[in-house]
Amino acid sequence: MSVMDASAPTHIAHRDNHTHRDVNGGWLRPAVFGAMDGLVSNLALMTGVAGGAVAQQTIVLTGLAGLAAGAFSMAAGEYTSVASQRELVLAELDIERAELRKHPKDELDELAALYESRGVEPELARKVAEQLSADPEQALEIHAREELGIDPSDLPSPTVAAVSSFGSFALGALLPLLPYLLGASALWPAVLLALVGLFGCGAVVARVTARSWWFSGLRQLALGGAAAGVTYLLGALFGTVVG
């Protein structure tokens, strides 16, 4: 970290030294958590089946089925949820657009009052509201941001959400399968690779949190390892009972 030069103009010092994390996570957060979800769920599924002392082919088939089912389920769920959210936002925007068309003065007064409530002098608040309301589309965007807390120009895409969820989940779910697909005949290489992947995912998550990379990595390693351990014991228990 560089030290702020006290002699530098404030705006230059702020530009060069003042930065923030991406608190929304951008693409990183959903991608990493999607991969982590696929990794934990498929690892737990495979270890649960392996605990029942089944054949290697059964474990591999279970892992492939878990990968496909989970990825398609995630994609469908994400598409539906984002599409529904988008449709709701568009409906609210239509309502706001109609209000701006039918009651422009009331909407202008509302916007001016909003700026006044934030400390802007009444006369200036009125002028700002009038200037922003001169363009209908700009007025709609301002009202949407201030009243609904949304950006009309940055609505999420259901297709992008579905494809990214499918890909990230499938990638995570593939990790415990890789050793088997490459010729391994025992469970431990799959578990070892999956645990390394869990630590890596947890460490990457630290980029969008205030935690250190090793804390996030170890936490996810512990949680994923516990899930795999419990399902293995359950598989061994029920495998014995059923057998």
Which value, rounded to the nearest 0.5 Å, describes the distance between [X] atom [atom1] and [Y] atom [atom2]?
X    : Y    : atom1 : atom2 : answer
D109 : E116 : CG    : CD    : 9.5 Å
Q131 : I142 : CD    : CD1   : 11.0 Å
E99  : L140 : CD    : CG    : 12.0 Å

Provide the closest heavy-atom pair for W213 versus A206 in the form atom of the first, atom of the second, distance.
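Result for this residue pair: CA-CB, 3.6 Å.
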
Could you report the tightest heavy-atom contact between P176 and A194, atom names first, then the distance?
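Heavy atoms of P176 and A194 come nearest at CB-CB, 4.2 Å.
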
Pairs where residues 113-143 contributes a residue and the test ring pair (Phe, Tyr, Trp, His ring centres under 6.0 Å) is met, not counting sequence neighbours:
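Found none.
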
Pairs in or reaching into residues 56-113: which pass ring pair (Phe, Tyr, Trp, His ring centres under 6.0 Å), with residues at least two apart or in two chains?
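Applying ring pair (Phe, Tyr, Trp, His ring centres under 6.0 Å) to every pair that reaches into residues 56-113, excluding sequence neighbours, yields F72-F166.
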
Expected list for residues 83-93: side-chain donor-acceptor pairs under 3.5 angstrom, two or more places apart:
from	atom 1	to	atom 2	distance (Å)
S84	OG	T80	O	2.8
R86	NH1	P156	O	3.0

For [X], give me all partners under side-chain contact (heavy atoms from CB on, under 4.5 Å), at least two apart in sequence or on another chain.
X    : answer
L108 : R126, A129, E130, S133
L223 : R219, Q220
D151 : E141, R145, S153, D154

Quick one: side chains of residues 34-41, donor-acceptor pairs under 3.5 Å with protein atoms, not counting sequence neighbours, listed by atom name and distance.
from	atom 1	to	atom 2	distance (Å)
S41	OG	D37	O	2.8
S41	OG	G38	O	3.3

Please determine whether residues [X] and [Y] belong to a single hydrophobic cluster, defined as Ile, Leu, Val, Met, Phe, Trp and Tyr linked transitively by side-chain heavy-atom distances below 4.5 Å.
X    : Y    : answer
L155 : L148 : yes
F215 : F33  : yes
L124 : L114 : yes
L178 : V191 : yes
L187 : L198 : yes

So, does E107 use its side chain to make a donor-acceptor pair with the main chain of L100 at under 3.5 Å?
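Here the side-chain-to-backbone pair does not exist.
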
Applying salt bridge (Lys or Arg N to Asp or Glu O under 4.0 Å), name anything that partners E121, two or more places apart in sequence or on another chain.
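By the salt bridge (Lys or Arg N to Asp or Glu O under 4.0 Å) rule, E121 matches no residue at all.
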
Can you give me every donor-acceptor pair (side chain of residues 167-175, partner residue at least two apart or in another chain, under 3.5 Å) with its distance?
from	atom 1	to	atom 2	distance (Å)
S168	OG	S164	O	2.9
S168	OG	S165	O	3.3

Who clusters with V196? Use side-chain heavy atoms, under 4.5 angstrom, across I, L, V, M, F, W and Y, and order the result by chain and number.
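Grouped by the 4.5 Å side-chain rule, V196 forms a cluster of one, so the answer is none.
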
Pairing residues for S212 by the side-chain hydrogen bond (donor to acceptor under 3.5 Å, both in side chains) criterion, not counting sequence neighbours:
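If we apply the side-chain hydrogen bond (donor to acceptor under 3.5 Å, both in side chains) test to S212, skipping adjacent residues, the hits are W214.
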
Return all side-chain donor-acceptor pairs below 3.5 angstrom for residues 44-60, not counting sequence neighbours, or 'none' if the list is empty.
from	atom 1	to	atom 2	distance (Å)
T47	OG1	L43	O	2.9
T47	OG1	A44	O	3.0
T47	OG1	A228	O	3.2
T47	OG1	T231	OG1	2.9
Q56	NE2	A184	O	3.1

